[in-house]
Amino acid sequence: MKVKVDTKGLKELQKKIQQFENVDYDRLAQKCTNQLASRLIRKCVKRTPVITGHLKGNWKANKAIKRNGEWRTAVYNPVKYAPYVEYGHRTKGGAGWVNGRFMLTRSSEEIERDASKIIEKEVNKELVKVFS
């Protein structure tokens, strides 16, 4: 009895796996880091109270950079009174307390919770590019 095996499909799979090995992982990690920062900014903006719009319009993020093998970025608001709105402050005269809004704190917690799903989505996009 003779058995014929068509290995064409296996060879094609091997080529695609080699293509995936050539994916620029640093580019992908940078893209994911920047995307997480953008999402964080959007969440912060939604939570920021509006009086003049100055605080709300000044959320920023640095471009992602690789340092010591890790991709990092910083999300911040350079407005002088941002920490007081974030964490709370005494009222004028010191008699009372205004509670903080925790715009960045709460948004960061949400992003941390969802980060693996967001990154997985980006990796899957790369897989689709290679295997389709």
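Nothing here was measured: the structure is a model prediction, and the numbers come from that model.
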Quiz item: Does atom CZ of Arg67 have more than 12 heavy-atom neighbours from other groups under 6.0 Å away?
Solution: no

Self-check item: Closest non-hydrogen atom pair between Glu86 and Leu104, with its separation
Solution: OE1-N, 2.9 Å

Self-check item: Nearest heavy atoms of Val75 and Ala61, plus distance in Å
Solution: CG2-CB, 4.0 Å

Practice problem: Check whether any side-chain heavy atom of Thr48 lies under 4.5 Å from a side-chain heavy atom of Asn77, and answer yes or no. | Solution: no

Quiz item: Is there a chain of hydrophobic side chains (I, L, V, M, F, W, Y, each step under 4.5 Å between heavy atoms) that links Ile119 to Ile111?
Solution: yes

Exercise. Drop me the distance from Ser107's OG to Trp59's CH2, to the nearest 0.5 angstrom.
Key: 7.5 Å

Self-check item: Minimal non-hydrogen separation, Ala64 against Asn34, with atom names
Solution: N-OD1, 3.0 Å

Quiz item: Distance-only, no hydrogens or angles: does the Glu122 side chain make a donor-acceptor pair with backbone N or O of Lys31 under 3.5 Å?
Solution: no

Quiz item: Any chance CZ of Arg101 has more than 12 other-residue heavy atoms, nucleotides or ligands included, within less than 6.0 Å?
Solution: no

Quiz item: How long is the span from the CG atom in Asp114 to the NZ atom in Lys121, to the nearest 0.5 Å?
Solution: 11.0 Å

Quiz item: Counting only heavy atoms not in Lys60, do more than 12 fall under 6.0 Å of its NZ?
Solution: yes

Quiz item: Taking atom CG of Asn99 and atom NE2 of His89, what is their separation to the nearest 0.5 Å?
Solution: 9.5 Å

Quiz prompt | Closest heavy-atom pair and its distance - Trp97, Tyr87 | solution = CZ2-O, 3.8 Å

Exercise. Check the surroundings of atom OH in Tyr81: do more than 12 heavy atoms from other residues, nucleotides or ligands lie under 6.0 Å from it?
Key: yes

Exercise. Taking all heavy atoms of Arg39 and all of Ile118, pick out the closest pair and write down the distance.
Key: CD-CD1, 3.6 Å

Quiz item: To the nearest 0.5 Å, what is the distance between OH (Tyr76) and CG (Leu40)?
Solution: 13.0 Å

Self-check item: Value rounded to 0.5 Å, distance of NZ in Lys66 from CZ in Arg72
Solution: 12.5 Å

Self-check item: Side-chain ion pair, Glu109 and Lys43, N-O less than 4.0 Å
Solution: no

Quiz item: Is Val79 reachable from Val45 through a run of I, L, V, M, F, W or Y residues, each pair having side-chain heavy atoms under 4.5 Å apart?
Solution: yes

Quiz prompt | Separation between CD1 of Ile41 and CE of Met103, rounded to the nearest 0.5 Å | solution = 13.0 Å

